[in-house]
Student: 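Would you mind keeping the following structure in view while I ask a few things?
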2 protein chains.
Amino acid sequence: MLKLSKKVEYGLIAIRHMASIESITTAKEISEHYKLPFDLLAKVMQKLSKNKIIASHQGIHGGYKLAKSADSISIMDIIQTIEGHIPGIVQCIDEGLEKCSIHQNCTIRNPLHKIQENLESVFNNLKVSELV
Amino acid sequence: MLKLSKKVEYGLIAIRHMASIESITTAKEISEHYKLPFDLLAKVMQKLSKNKIIASHQGIHGGYKLAKSADSISIMDIIQTIEGHIPGIVQCIDEGLEKCSIHQNCTIRNPLHKIQENLESVFNNLKVSELV
DNA sequence: AAACTAACGGACTTAAATAGTCGTATTATA
DNA sequence: TATAATACGACTATTTAAGTCCGTTAGTTT
Ligand code: SF4
Ligand code: SF4
């Protein structure tokens, strides 16, 4: 409950790595350096690349590097990219109100949505450049 | 990811219900009123009772009511009671550093622990009396 | 004392989300 | 043309969450 996924952790580690070096790097390099499962990391980096957070170069001396400055990438950008959406702490935020079978009797929605806002601002305000 | 469990939601609904009325109420009453699965709700309430957040009375006119004032119960109290522990956003908080297979190479631990602190204070500072 | 009703508690099953793997295609370079 | 990298989709396995079942215990009322 309330746990970040490993994919997000791997993404954060990879992004932080790229932010700390200047040159291009590869998924293999990162997976070996940090002992991360290669296939999983590779897919995470592909998503980050697709969303223009990192830039990719195929071919024999290819790899990845940051596509923007470290202080313009928020943790939420990374989470949203990897998970596909902003994570909600309750079903009605993720899937819409109607999807929750008890929404007509729900008395806790408003306060939980306030908590959600707090949570989002925490992840929005923390930038990659502050990952120290 | 980052989602509250239904057990916690059910607990919050039940607690809020008890906070809004004066008299004793039963698990059956709440489960019917809010259309919650009885067995699951019952176990949640038993945990809340065991941790002295609500008081139980067995027997034919028994039931539950709050054991303390609504402004002295935090959302974290409820979460901690139902989940059995304070939830950590990463493995090393829940299970200890050694349990994470990559902890020796982890570069993101410190900032994530900061986020954890933020998160905890949000849940600690919100009281049942503010569930509106 | 018997019947009733509500809390108590453990074991179990099912469903869903997460984590990890595999195979293959594409692309750029040397 | 061989090589090394990204790119993608399908698949399996593991873990967690959700829900159910069944029997027990304990007060109340008749
Ligand atoms: S119970 Fe209320 S807060 Fe939870 S998902 Fe349903 S509507 Fe949203
Ligand atoms: S990767 Fe780092 S932050 Fe995540 S659980 Fe392991 S030690 Fe903790």
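Each chain gets a letter, A, B and so on, in the order the sequences are listed, and its residues count up from 1. Excluded from the calculations below are hydrogen atoms, water molecules and symmetry mates; all remaining heavy atoms, backbone and side chain alike, are included.
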Student: What is the distance from NZ of A:K3 to P of D:dT15, rounded to the nearest Å?
Tutor: 13 Å
Student: Could you please name the option among D:dA7, C:dA7, C:dA19 that lies closest to any side-chain atom of A:S5?
Tutor: C:dA19
Student: OP1, OP2 of C:dT5 versus side-chain N and O of B:H61: anything below 4.0 Å?
Tutor: no
Student: Does any N or O in the side chain of A:K3 come within less than 3.5 Å of the main-chain N or O of B:I89, such that one atom is a donor and the other an acceptor?
Tutor: no
Student: I want to verify a distance call: between D:dA18, D:dA5, C:dA7, whose nearest atom is closest to the B:T26 side chain?
Tutor: C:dA7
Student: Round to a whole Å and report the spacing from CD1 of A:I79 to P of C:dT18.
Tutor: 13 Å
Student: Please figure out whether B:L40 or A:K28 has its closest DNA chain D nucleotide nearer the 5' end.
Tutor: A:K28
Student: Does a distance-only test, which skips hydrogens and angles, find a donor-acceptor pair under 3.5 Å between the side chain of B:Q58 and the base of C:dA6?
Tutor: no
Student: Report the relative orientation of the aromatic rings in A:Y34 and A:H17; use parallel for angles under 30°, tilted for 30 to 60°, perpendicular for over 60°.
Tutor: perpendicular
Student: Base, sugar-phosphate, or nothing: which does A:A42 touch, judged by heavy atoms less than 4.0 Å apart?
Tutor: nothing
Student: When you measure from the side chain of B:R16 to the backbone N and O of B:V128, does any donor-acceptor pair fall under 3.5 Å?
Tutor: no
Student: Would you say B:Y64 places a side-chain N or O within less than 4.0 Å of OP1 or OP2 belonging to C:dA6?
Tutor: no
Student: Which part of the nucleic acid, if any, lies within reach of B:M45 when heavy atoms closer than 4.0 Å are counted: base, sugar-phosphate only, or nothing?
Tutor: nothing
Student: Hey, is the main chain of B:N110 close enough, under 3.5 Å, to the side chain of B:H113 for a donor-acceptor pair?
Tutor: no
Student: Taking NZ from B:K6 and C1' from D:dG19, how many angstroms apart are they, rounded to a whole number?
Tutor: 13 Å
Student: Expressed as a whole number of angstroms, how long is the span from B:Q46:CD to D:dT25:P?
Tutor: 14 Å
Student: Closer to the 5' end of DNA chain D via nearest nucleotide, is it A:S56 or B:K7?
Tutor: A:S56
Student: Indicate yes or no for a side-chain donor-acceptor contact from B:K35 to the backbone of A:I102 under 3.5 Å, with no hydrogens or angles considered.
Tutor: no
Student: On the nucleotide C:dC8, are OP1 or OP2 found under 4.0 Å from the side-chain N or O atoms that B:S49 carries?
Tutor: yes
Student: Looking only at side-chain atoms of A:I60, point me to the closest of C:dA28, C:dG20, D:dG19.
Tutor: C:dA28
Student: Any side-chain donor paired with an acceptor under 3.5 Å for B:N124 and B:S121?
Tutor: no
Student: Between A:Q91 and B:K6, is any side-chain donor less than 3.5 angstrom from a side-chain acceptor?
Tutor: yes
Student: Taking only N/O atoms, report every protein-nucleotides 9-12 of chain D pair under 3.5 Å with atom names and distance.
Tutor:
residue: D:dA10; atom: N6; partner: A:K43; partner atom: NZ; Å: 2.6

Student: Describe the nucleic acid contact of B:F38 in one word from base, sugar-phosphate, nothing, applying a heavy-atom distance below 4.0 Å.
Tutor: nothing
Student: Rounding to an integer number of Å, can you tell me how far B:I89 CD1 sits from D:dT16 C1'?
Tutor: 18 Å
Student: Check the phosphate of D:dA18 against B:Y10, side-chain N and O only, distance under 4.0 Å to OP1 or OP2. Yes or no?
Tutor: no
Student: Give a yes or no answer on whether the side chain of A:T81 reaches the backbone of A:D77 with a donor-acceptor pair at less than 3.5 Å.
Tutor: yes
